[in-house]
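Have a look at the structure that comes next, please.
Chain naming here is simple, since letters A, B, ... match the order of the sequence lines and numbering starts at 1 in each. All values derive from a computational prediction rather than experimental measurement. Every heavy atom of this structure was used, including side-chain atoms; hydrogens, water molecules and symmetry mates were not.
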2 protein chains.
Amino acid sequence: MQNGQNTELRNGQAPACWASRLRERMRQSGLRPTRQRMHLATLLFSRGDRHVTAEEVHAEALGENMSVSLATVYNTLHQFTEAGLLRVLAVESNKTYFDTNISDHQHFFIEGRNEVIDIPDSMISVQNLPEVPEGMEVAHVDIVVRLRPKKN
Amino acid sequence: MQNGQNTELRNGQAPACWASRLRERMRQSGLRPTRQRMHLATLLFSRGDRHVTAEEVHAEALGENMSVSLATVYNTLHQFTEAGLLRVLAVESNKTYFDTNISDHQHFFIEGRNEVIDIPDSMISVQNLPEVPEGMEVAHVDIVVRLRPKKN
DNA sequence: CTGTGTGCAAACTCTTTGCATAAGT
DNA sequence: ACTTATGCAAAGAGTTTGCACACAG
């Protein structure tokens, strides 16, 4: 549970308040605030910053008696990503991780355990970014610090 | 074509020489230097540093009248990775890129075009690496600078 | 009502595996 | 000869798509 920017969404408090914010946000992105989308948004954004796969979200939704199909979870996650509510992480091949913290930050990745942990903003920085090829600009700099268990 | 550490493997020159080195290297890793493995190794290591997918290697092999199955390409790429001859890159979800340059370096990734380009060693560096969780150590720090076409 | 979203199943891509055959030592 | 690698095809994960039904505005 790291600190991020969704401070107002903590602990499930004032749900009516942020639910209506979310509703507006969805409308702005052309997404109708349906039952499933609102429920998934609650899962994703009311519990601090999270790094999840579609399967995990689906399992969690089912565990809360929420009826939603895996296809809808995938669709919704991608729609949220386009709407700027989520980021996609490329930490491991062959699995898409979605990050609910869209602020500029970096990650630890624990090999073997396949766990993603936020590195708090501004602690890490890059020096000597090389010149970018002609006609290109930097979209984002991603840093993944891969960790493994220390050999005692 | 960036510079890497496989300087002696350039331009297909002295093939007998580095082929025998490779043979030894394979034996050390418990891999028999079979026709397919030697041929794939030639593809991979005699043309400068490369970032390839299994499909690309397979297509290239077939294009050179080399008979090899996709399954063998996958197996071989993973065996080479375990032997320390290749690195796996996590730049894009759902596709495994293998890097023939195993030295410590970072990458540009051109979004949309799905192209990986080396950032030469030592030009880029990270500051203020945060404290690593208890019992863990850093295996590797991966930096991906994502590029997109500049809007004129 | 009208149009968009959803669920389901099937398709699709990338990757791995099992087993008979082929090749290396 | 003996062992390991290969090829093929089939299976397996993860993800996407098409279409009929359901729901939001």
Does a side-chain N or O from B:R27 land closer than 4.0 Å to OP1 or OP2 of C:dT25, or not?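 Checking B:R27 against C:dT25: at least one side-chain N or O falls below 4.0 Å of OP1 or OP2.
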I want to confirm an ordering. Mapping B:L70 and B:Q36 to their closest nucleotides on DNA chain C, which one lands closer to the 5' end?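 First, find each residue's nearest nucleotide; the 5'-ward one identifies B:L70.
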Report the distance from atom CZ of A:F80 to atom C1' of C:dG5, rounded to the nearest whole Å. 12 Å
D:dT15 C1' sits how many Å from B:E92 CD, rounded?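 B:E92 atom CD is separated from D:dT15 atom C1' by 13 Å.
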Spacing between B:H39 atom NE2 and C:dA23 atom C1', to the nearest angstrom: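 Going from NE2 in B:H39 over to C1' in C:dA23 covers 17 Å.
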Report yes if some heavy atom in the side chain of A:N114 is under 4.5 Å from a heavy atom in the side chain of A:F109; otherwise report no. yes
To the nearest Å, give me how far apart CZ (A:R35) and C1' (C:dT4) are. 15 Å
Quick check on C:dC14: is either OP1 or OP2 less than 4.0 Å from any side-chain nitrogen or oxygen of B:T96? no
Nucleotide nearest B:T72 (side chain, heavy atoms from C-beta), chosen from C:dA9, D:dG14, D:dG7: D:dG7
Rounding to an integer number of Å, can you tell me how far B:E82 CD sits from D:dA5 P? 12 Å
Taking only the side-chain nitrogens and oxygens of A:R37, find out if one of them lies under 4.0 Å from OP1 or OP2 of C:dG5. yes
Out of C:dG7, D:dG14, C:dT6, minimum distance to the side chain of A:S69 belongs to C:dG7
Parallel, tilted or perpendicular: rings of B:H51 and B:H105 (30°, 60°): tilted
For the side chain of B:A71, starting at C-beta, report the closest nucleotide among C:dT4, D:dC8, D:dT15. D:dC8
Please give, in whole Å, the distance from D:dA13 C1' to A:E56 CD? 15 Å
Would you mind telling me which of C:dT25, D:dT6, D:dT17 lies closest to the side-chain atoms of A:N75? D:dT17
In whole angstroms, how far is the P atom of C:dC12 from the NZ atom of B:K95?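 Rounded to whole Å, this separation is 17 Å.
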Do the side-chain N or O atoms of A:T34 get closer than 4.0 angstrom to the phosphate oxygens (OP1, OP2) of C:dT4?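 Looking at the OP1 and OP2 atoms of C:dT4, neither is under 4.0 Å from any side-chain N or O of A:T34.
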Go through C:dG7, D:dA5, C:dG24 for me and flag the one nearest to the B:L31 side chain.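 Minimum distance to the B:L31 side chain belongs to D:dA5.
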Ignoring the backbone of B:N94, work out which of D:dA5, D:dG7, D:dG14 is nearest its side chain. D:dG14
Would you indicate whether the side-chain heavy atoms of B:V68 and B:V57 approach each other to under 4.5 Å?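 Of all side-chain heavy-atom pairs linking B:V68 with B:V57, none is under 4.5 Å.
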Counting any heavy atom closer than 4.0 Å, what does A:R23 reach on the DNA or RNA strands: base, sugar-phosphate only, or nothing? nothing
Below 4.0 Å: OP1/OP2 of D:dC23 and any side-chain N or O of A:R32: no
Quick check: does any side chain N or O of A:R47 sit under 3.5 Å from a backbone N or O of A:T42, one acting as donor and the other as acceptor?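 A pair under 3.5 Å: no.
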It should be established whether B:Y74 places a side-chain nitrogen or oxygen under 4.0 Å from OP1 or OP2 of nucleotide C:dT15. yes
What nucleic acid atoms does B:T53 come within less than 4.0 Å of, heavy atoms only: base, sugar-phosphate, or nothing? nothing
Side chain of A:S67 - closest among C:dG7, D:dG25, C:dC14: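 Out of C:dG7, D:dG25, C:dC14, the nucleotide with an atom closest to A:S67's side chain is C:dG7.
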Which of these, B:V116, B:D142, B:I110, sits in a side chain to side chain contact (heavy atoms under 4.5 Å, CB included) with B:V91?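 The option that passes is B:V116.
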Closer than 3.5 angstrom, by distance alone: can the side chain of A:Q36 be matched with the main-chain N or O of A:M66 as a donor-acceptor pair?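 Pair absent, no side-chain N/O of A:Q36 close to backbone of A:M66.
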Base, sugar-phosphate or nothing for B:H78? Non-hydrogen atoms, less than 4.0 Å. sugar-phosphate
Let me know the distance between OH of A:Y97 and C1' of D:dA13, rounded to the nearest Å. 14 Å
